[in-house]
Amino acid sequence: MNKRMKKRIKINKLISLETSVDEVVVKGWVRTRRDSKGFSFIEVNDGSCLKNIQVIADNSLDNYDEITRLITGSAVAVSGSLEESPGGGQKWEVHAKSIEIISIAPETYPLQKKRHTDEFLRTIAHLRPRTNKYGAAFRIRSELSFAIHKFFKDRGFSYIHTPILTGSDCEGAGELFQVTTLDMKNVPSIDGNIDYSHDFFGKEAGLTVSGQLSAEMFALALGDVYTFGPTFRAENSNTSRHVAEFWMIEPEMAFCDLEQDMDLAEEMLKYLAGVVLENCAEDIGLFAKFVDKQLMNTIETLLSSDFKRITYEEAVKILEKSKKKFEYDVAYGKDLQSEHERYLTETHFKKPVIVYNYPKAIKPFYMRQNDDGKTVAAMDILVPRIGEIIGGSQREERLDVLEARIKEMALPMEEYWWYLDSRRYGSVPHSGFGLGFERLLMFLTGINNIRDVIPFPRTPKNIEF
RNA sequence: UCCCCAGUAGCUCAGUCGGCAGAGCAGGUGGCUGUUAACCACCGUGUCCGUGGUUCGAGUCCGCGCUGGGGAGCCA
């Protein structure tokens with residue numbers, strides 16, 4: 001019969017206690033150890049918070065020899081009393097009555113107590129959550145995920161699980177990863193083309209690039225819905241803002257126009273920023289201190305200012321009048337470049353900017369055409385440092401206009417039969433947007449590479465871990 | 001995919017004009033100390049990314065490739 005494992009108290013609870021405690025059990029990993037005359041200071045972290053607990057190991061402990069061999073990365077279970085610390089730097093410390101060494105990390109443990117570069121840590125992505133910075137980032141990621149669900153729940157939205165496997169390329173938001181069970185060494189063919197009738201689904205299949213079209217069907221049934229799940233893009237993008245697998249939040253609202261869409265997006269960003277400041281103060285503090293000195297300022301600005309809303313046409317005029325030399329020229333009808341977007345939000349307005357009513361030629365088929373005949377009810381939210389963080393639109397609810405648009409863009413009409421059905425039966429004005437979860441995390445932490453806010457990033461030529 | 005930059009010890013980096021491969025940190029040993037990026041002394045560490053070339057001689061110069069980073073495009 002196994003002995004019952006001792007129940008531990010997590011360090012975040014422990015350090016917030018008001019009074020000393022005779023008996024506590026702390027389990028975690030050694031961050032560093034400092035020897036003193038007759039005893040040793042051990043810094044233990046268990047991932048529940050940024051702070052370590054300082055453990056005092058007296059040389060009267062029967063395994064003290066072994067304790068002095070504990071190096072960074074080793075795992076321990078400490079039983080002892082919680083006492084006020086006479087030293088500066090921490091309120092509490094644990095005076096160990098016994099220390100069980102669960103495992104000793106050899107000196108090959110790659111993490112040191114000094115600072116490592118993000119590039120190096122990316123090569124040991126399986127160990128990097130054990131560092132202060134990444135531990136903080138992933139605690140914030142978790143908190144933010146929860147807050148997103150709460151935001152929508154509080155507002156009466158239903159959470160929809162849209163499919164990850166998709167049957168056709170009609171989503172049009174990017175290159176699809178193909179999914180197949182065909183034997184790649186012996187692909188069946190017909191008239192020189194691959195015969196997908198032998199494939200698992202009997203036709204070409206891929207991983208979703210967006211849950212939007214599915215979410216629209218549910219918005220037209222349940223009213224206000226959202227999705228929050230993984231999204232896949234097989235683009236050969238090599239930037240600090242793109243990964244092949246990322247998480248996206250896509251609300252979709254019935255009886256909602258573009259203005260209300262923008263209202264919700266703005267409210268949501270402010271809510272999430274508030275949650276992070278409130279619930280992750282200590283972890284955010286690390287980023288404000290070591291990663292981005294402007295972080296608090298940026299978040300405060302987001303919280304306190306009304307987002308500047310301008311039309312695409314106004315944006316182009318501002319950029320033309322700016323006299324700034326851009327690498328790419330600004331012209332009506334051309335999409336805004338990263339440098340243009342950043343100029344608007346970072347230099348001109350110095351706060352989040354919503355650009356809306358884009359020329360229809362540069363936007364997808366499903367966006368609602370405006371009465372001017374040349375623009376669509378689209379909106380992008382631009383924030384400092386990141387650029388585009390949200391893209392959304394009012395959807396085209398008029399069947400004839402939508403069909404004409406599909407024809408105009410030479411898309412396969414028959415693939416959209418079910419999508420068009422929603423406009424055939426009880427169609428109503430509706431709107432939605434997509435928020436890139438990782439980009440939100442970058443914005444709220446100051447982390448400047450998207451590969452560092454997702455546990456195991458997938459990018460071209462990189463699927464390790 | 002395009003443009004630019006980089007690759008030297010476990011990590012971070014220096015390496016002059018082409019002439020014997022270096023430091024700090026981490027690790028080990030000893031000392032000191034209610035310490036806290038602890039401190040002091042000593043010790044070990046190399047496919048200089050790979051490959052081909054120029055040269056008496058290449059970490060250093062040239063070509064090609066690989067990997068990483070920054071920027072651009074695609075977008076979230």
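Proteins come first, then strands; the chains are lettered A, B, ... in the order of their sequence lines, and each starts at number 1.
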For [N] and [M], measure between their [atom1] atoms and round to the nearest Å.
{"N": "B/C25", "M": "B/G63", "atom1": "P", "value": "39 Å"}
{"N": "B/U16", "M": "B/A26", "atom1": "P", "value": "28 Å"}
{"N": "B/U47", "M": "B/C32", "atom1": "C1'", "value": "42 Å"}
{"N": "B/G31", "M": "B/G68", "atom1": "P", "value": "47 Å"}
{"N": "B/G24", "M": "B/C62", "atom1": "C1'", "value": "34 Å"}
{"N": "B/G65", "M": "B/C4", "atom1": "P", "value": "13 Å"}
{"N": "B/C61", "M": "B/G22", "atom1": "C1'", "value": "22 Å"}
{"N": "B/U55", "M": "B/U60", "atom1": "C1'", "value": "13 Å"}

Criterion side chain to side chain donor-acceptor pair (under 3.5 Å) against A/Y366, the qualifying member of A/E396, A/Q212, A/E216 =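 Looking at A/E396, A/Q212, A/E216, the match for A/Y366 under the side chain to side chain donor-acceptor pair (under 3.5 Å) is A/Q212.
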
remark   = Heavy-atom nearest nucleotide on RNA chain B taken for A/L336 and for A/F120; more 5' hit belongs to A/F120

Could you state the [atom1]-[atom2] distance from [X] to [N], rounded to the nearest angstrom?
{"X": "A/L435", "N": "B/C75", "atom1": "CG", "atom2": "C1'", "answer": "14 Å"}
{"X": "A/I71", "N": "B/G10", "atom1": "CD1", "atom2": "P", "answer": "16 Å"}
{"X": "A/E388", "N": "B/G73", "atom1": "CD", "atom2": "C1'", "answer": "14 Å"}
{"X": "A/H116", "N": "B/A26", "atom1": "NE2", "atom2": "C1'", "answer": "8 Å"}
{"X": "A/L440", "N": "B/A76", "atom1": "CG", "atom2": "P", "answer": "15 Å"}
{"X": "A/L70", "N": "B/G27", "atom1": "CG", "atom2": "C1'", "answer": "15 Å"}
{"X": "A/R34", "N": "B/G31", "atom1": "CZ", "atom2": "C1'", "answer": "18 Å"}
{"X": "A/L121", "N": "B/C11", "atom1": "CG", "atom2": "P", "answer": "11 Å"}

Looking at [N], does its base get a donor-acceptor pair with the side chain of [X] below 3.5 Å?
{"X": "A/E339", "N": "B/G71", "result": "no"}
{"X": "A/R233", "N": "B/A76", "result": "yes"}
{"X": "A/Q90", "N": "B/U35", "result": "yes"}
{"X": "A/D35", "N": "B/U35", "result": "no"}

Identified pairing partner of [N], criterion: Watson-Crick or G-U wobble below 3.5 Å:
{"N": "B/C2", "value": "B/G71"}
{"N": "B/C61", "value": "B/G53"}
{"N": "B/C17", "value": "none"}
{"N": "B/A9", "value": "none"}
{"N": "B/U36", "value": "none"}
{"N": "B/A26", "value": "none"}

Just call it for [X]: base, sugar-phosphate, or nothing, with non-hydrogen atoms closer than 4.0 Å on any strand.
{"X": "A/E43", "answer": "base"}
{"X": "A/G87", "answer": "base"}
{"X": "A/F246", "answer": "base"}
{"X": "A/P86", "answer": "base"}
{"X": "A/E93", "answer": "base"}
{"X": "A/L111", "answer": "nothing"}

Nearest to the side chain of [X], heavy atoms from C-beta on, is which of [options]?
{"X": "A/M248", "options": "B/G34, B/G69, B/A76", "result": "B/A76"}
{"X": "A/T32", "options": "B/G34, B/C75, B/A38", "result": "B/A38"}
{"X": "A/Q112", "options": "B/G34, B/C11, B/C75", "result": "B/C11"}
{"X": "A/K37", "options": "B/C11, B/U36, B/G34", "result": "B/G34"}
{"X": "A/S240", "options": "B/G73, B/G71, B/G34", "result": "B/G71"}
{"X": "A/R122", "options": "B/C75, B/G69, B/G71", "result": "B/G69"}

Between [X] and [Y], does the ring centre distance come in under 6.0 Å?
{"X": "A/Y416", "Y": "A/F365", "value": "yes"}
{"X": "A/F437", "Y": "A/F228", "value": "yes"}
{"X": "A/Y332", "Y": "A/Y312", "value": "yes"}
{"X": "A/F456", "Y": "A/H126", "value": "no"}

Respond yes when some side-chain nitrogen or oxygen of [X] is under 4.0 Å from OP1 or OP2 of [N], and no when none is.
{"X": "A/N449", "N": "B/G70", "value": "yes"}
{"X": "A/T108", "N": "B/G10", "value": "no"}
{"X": "A/T239", "N": "B/C75", "value": "no"}
{"X": "A/Q337", "N": "B/G73", "value": "yes"}
{"X": "A/R33", "N": "B/U35", "value": "no"}
{"X": "A/S338", "N": "B/G73", "value": "yes"}

task = Show your reasoning for whether ring-ring contact (aromatic ring centres under 6.0 Å, His included) applies to A/H161 and A/Y159.
result = CA-CA 7 Å; A/H161 297 122; A/Y159 175 34; 4.5 Å; yes

ask   = Among side-chain atoms of A/S81 and A/D22, is any donor-acceptor pair under 3.5 angstrom?
value =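 Result is no, nothing qualifies.
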
task = Run the numbers on A/K308 and A/T345 for side-chain contact (heavy atoms from CB on, under 4.5 Å), then give the verdict.
result = CA-CA 9 Å; A/K308 182 67 191 179; A/T345 181; over 6 Å; no

message = Among A/R128, A/K133, A/R241, which residue satisfies the salt bridge (charged side-chain N to carboxylate O under 4.0 Å, His left out) criterion with A/D452?
response =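 That would be A/R128; it is the only one of A/R128, A/K133, A/R241 passing the salt bridge (charged side-chain N to carboxylate O under 4.0 Å, His left out) with A/D452.
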
query = Within the stacking criterion (centroid distance below 5.5 Å, interplanar angle below 30°), does A/F39 stack on B/G34?
reply =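 Per 5.5 Å and 30° rule: no stacking.
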
